[in-house]
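Some notes on the structure that comes next.
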Amino acid sequence: MDEETFERVRAVVASIPPGRVLSYGDVAELAGLRSPRLVGRIMSEDTADLPWHRVLRSNGTAAEHLRHRQLELLRAEGVLAQDGRVSMRRYRWST
DNA sequence: CGAGTGACGCTCG
DNA sequence: CCGAGCGCCACTC
């Protein structure tokens with residue numbers, strides 16, 4: 001793992017505006033990575049000071065151990081979920 | 001070097 | 001909706 005990749009991912013996640021979300025795949029692409037798994041791994045290492053809750057799966061769901069808190073944090077930003085899933089079509093951050 | 005695993009993604013049935 | 005398969009990168013036995 002090189003430091004640069006790590007920082008790039010952090011930069012992308014940190015740049016997601018409140019009320020918007022991105023999928024792991026999106027983050028990977030924006031960070032110039034070839035695999036979304038890398039993003040997941042990096043996120044699991046250190047999410048301090050990062051709006052990690054704005055990153056979910058492409059289908060709008062989140063990982064089991066984070067699901068509850070994540071939806072809670074998103075709800076606080078105006079991102080409402082139905083049946084535990086976020087409508088990516090509406091909240092996906094596209095530039 | 002091979003096999004398993006993970007905050008993943010996409011397609012197909 | 002659910003599971004199965006395959007691809008992906010890095011890391012640990």
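When atom types are taken as modelled, the side chain of A:R8 and the backbone of A:A31 share a donor-acceptor pair closer than 3.5 angstrom. When atom types are taken as modelled, the side chain of A:D46 and the backbone of A:A48 share a donor-acceptor pair closer than 3.5 angstrom. A:E72 places no side-chain N or O within donor-acceptor distance of the main-chain N or O of A:R67, the cut-off being under 3.5 Å.
Looking at heavy-atom distances under 4.0 Å, A:S58 makes contact with sugar-phosphate atoms alone, never a base. As judged by a 4.0 angstrom heavy-atom cut-off over every strand, A:R85 is placed among residues touching the sugar-phosphate backbone only.
Looking at the side chain of A:L66, the nearest of the listed nucleotides C:dC11, B:dG9, B:dA7 is B:dA7. Listed candidates were B:dG9, C:dA10, B:dA7. Nearest to the side chain of A:M43 is B:dA7. The listed nucleotides are B:dC10, B:dA7, C:dA10; the one nearest the side chain of A:L38 is C:dA10.
Listed by first then second residue, pairs satisfying salt bridge (charged side-chain N to carboxylate O under 4.0 Å, His left out) with a partner in residues 11-30 of chain A read A:D26-A:R92, not counting sequence neighbours.
Taking every heavy atom of residues 13-36 of chain A and every atom of DNA chain C, pairs under 4.0 Å involve A:R34, A:S35, by number.
Rounded to whole angstrom, the span from the NE2 atom of A:H53 across to the P atom of B:dA7 amounts to 19 Å. One can place CZ of A:F6 at 12 Å from P of C:dC11, the figure rounded to the nearest angstrom. In this structure, A:L73 atom CG and B:dA7 atom C1' are separated by 14 Å, rounded to whole Å. Separating the NE2 atom of A:H65 from the P atom of B:dG6 is a distance of 10 Å, rounded to the nearest angstrom.
Remark: DNA chain B takes part in the stems B:2-6 with C:9-13, B:8-13 with C:2-7, each of 3 or more antiparallel Watson-Crick or G-U pairs, criterion distances under 3.5 Å.
Around CG of A:D49, the count of heavy atoms belonging to other residues, nucleotides or ligands within 6.0 Å does not exceed 12.
In terms of phosphate contacts, A:R57 brings no side-chain nitrogen or oxygen within less than 4.0 Å of OP1 or OP2 of B:dG6. At the phosphate of C:dC11, OP1 or OP2 sits under 4.0 Å from a side-chain N or O atom of A:R41.
Here the separation of B:dA7 from C:dC6, taken at their P atoms, is 22 Å to the nearest Å.
Defined by atom type and a distance below 3.5 Å, a donor-acceptor pair is present between the side-chain atoms of A:E77 and A:H53.
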